[in-house]
Number of protein chains: 2
Amino acid sequence: MQRVFEALSSPVRRKILAYLAHADLTAGEIAARFEISKPAVSQHLSVLENAGLVTSEKKGQFVHYRLVAEALANTLNGYVQEVCPVSRPLKKESAALAGKASRPTSD
Amino acid sequence: MQRVFEALSSPVRRKILAYLAHADLTAGEIAARFEISKPAVSQHLSVLENAGLVTSEKKGQFVHYRLVAEALANTLNGYVQEVCPVSRPLKKESAALAGKASRPTSD
DNA sequence: TCGGTATTTAAGTAATAGCTTACACACGCG
DNA sequence: CGCGTGTGTAAGCTATTACTTAAATACCGA
């Protein structure tokens with residue numbers, strides 16, 4: 001959970017997730033969408049992967065990155081339910097959606 | 001939105017929110033729950049307040065802090081819906097819950 | 001095998017975040 | 001008024017983060 005929130009604190013990383021929400025992309029395709037250097041993007045991708053928000057698969061020379069939407073939804077929804085009494089009514093639905101995704105670890 | 005995620009990236013600040021989820025507390029009561037100095041806690045509270053996640057009200061010498069649950073739920077639910085196709089079915093319910101809370105600004 | 005492309009690792013630097021102590025301010029009460 | 005308490009501000013230190021360039025690794029195709 002710490003790693004997830006840490007990962008989400010960067011605008012660049014949130015933008016990467018937004019791109020991956022539409023389609024899987026290679027490291028190079030992602031880097032091309034930013035003005036910063038490729039190694040910088042690669043480091044951001046590592047942070048996202050360590051947080052469990054994306055996964056990577058090497059295909060030949062290319063590394064394809066994919067969003068792990070369940071991890072994101074599970075962690076954020078879980079946190080909101082934990083802190084906000086207001087959202088408790090949604091608990092059941094959200095849990096159902098989280099489905100087979102792994103539970104977020106405690107702080 | 002940036003400020004919200006930035007605020008949530010700190011374990012101390014998330015813990016503060018957790019305390020405030022149960023009851024309103026004064027700055028001193030919050031500080032007493034941590035081992036760090038009072039000024040440090042005060043700075044964390046400023047970050048949370050700037051993010052719109054808490055509000056403060058001065059009563060005599062004391063400053064009472066209160067969680068703004070709608071802001072937290074609204075921002076996080078909104079972000080999840082934006083990035084995770086999986087959670088789109090919940091959109092309507094979440095929007096209803098968000099209710100009168102202000103919309104999160106774009107990145 | 002050689003050369004080019006895709007990606008990551010390494011090393012170094014600059015900006016930022018979080019902490020501490022010391023101080024300042026505001027309030028309530030004797 | 002003057003003192004103690006609650007809180008926030010200021011200044012300074014340290015550690016971490018985000019970036020850069022240069023180099024290493026891995027793969028494909030001629």
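To find a chain, count down the sequence lines: A is the first, B the second, and so on, and within it residues start at 1.
Listed pair B:Ser37 / C:dC19 fails the phosphate criterion, with no side-chain N or O lying under 4.0 Å from OP1 or OP2. At least one side-chain nitrogen or oxygen of A:His44 sits closer than 4.0 Å to the OP1 or OP2 atom of D:dC19.
Remark: C1' of D:dA18 and CD of A:Glu6 are 13 Å apart, rounded to the nearest angstrom. Atom CG of A:Leu8 is separated from atom P of D:dT17 by 15 Å (rounded to the nearest Å). As rounded to whole Å, 14 Å separates atom C1' of C:dC19 from atom CD of B:Glu35. Spacing between atom CD of B:Gln2 and atom C1' of C:dA17 amounts to 13 Å, rounded to whole angstrom units. In this entry the distance linking CD of B:Glu29 with P of D:dG6 reads 10 Å, nearest Å. With rounding to whole Å, B:Glu57 atom CD is found 14 Å from D:dT7 atom P. Taking atom CG on A:Asn50 and atom P on D:dA18, their separation rounds to 13 Å, with Å as the unit. Residue A:Lys38 contributes atom NZ, which lies 16 Å from atom P of D:dC19 at whole-angstrom precision.
Side chain of B:Pro39, nearest nucleotide from D:dT20, C:dG18, C:dT21: C:dT21. Comparing D:dT21, C:dT7, D:dT9 against the side chain of B:Ser46 picks out D:dT9 as the nearest. Checking D:dT7, D:dA10, C:dA17 against every side-chain atom of B:Phe62, the shortest atom distance belongs to D:dT7. When distances run from any side-chain atom of B:Val63 to the nucleotides D:dT20, D:dT7, C:dT8, the shortest one goes to D:dT7. Closest to the B:Arg13 side chain, of the nucleotides D:dC27, C:dT9, C:dG18, is C:dG18.
Side chain A:Gln61 to base C:dT5: a donor-acceptor pair is found below 3.5 Å.
In this structure, the separation between CG on B:Leu45 and CZ on B:Arg13 is 10.0 Å, given to the nearest 0.5 Å. Put simply, CG on A:Leu8 and CG on A:Leu76 are 6.0 Å apart, with the number rounded to the nearest 0.5 Å.
Nearest heavy atom pair, residue A:Ala7 against residue A:Ala51, reads CB-CB, 4.0 Å. Between A:Gln2 and B:Pro11 the shortest heavy-atom distance is OE1-CG, 3.3 Å.
In this structure, A:Ala27 reaches the sugar-phosphate backbone alone: every heavy-atom distance under 4.0 Å involves primed, P, OP1 or OP2 atoms, never a base. Counting non-hydrogen atoms under 4.0 angstrom, B:Tyr65 reaches the backbone sugars and phosphates but no base. Counting any heavy atom pair closer than 4.0 Å across all strands shown, B:Thr26 reaches sugar-phosphate atoms only and no base atom.
Heavy-atom nearest nucleotides on DNA chain D were determined for A:Gly60 and for B:Leu45, and the one closer to the 5' end corresponds to B:Leu45.
For A:Glu49 and A:Ser56, the side-chain atoms include at least one donor-acceptor pair closer than 3.5 Å.
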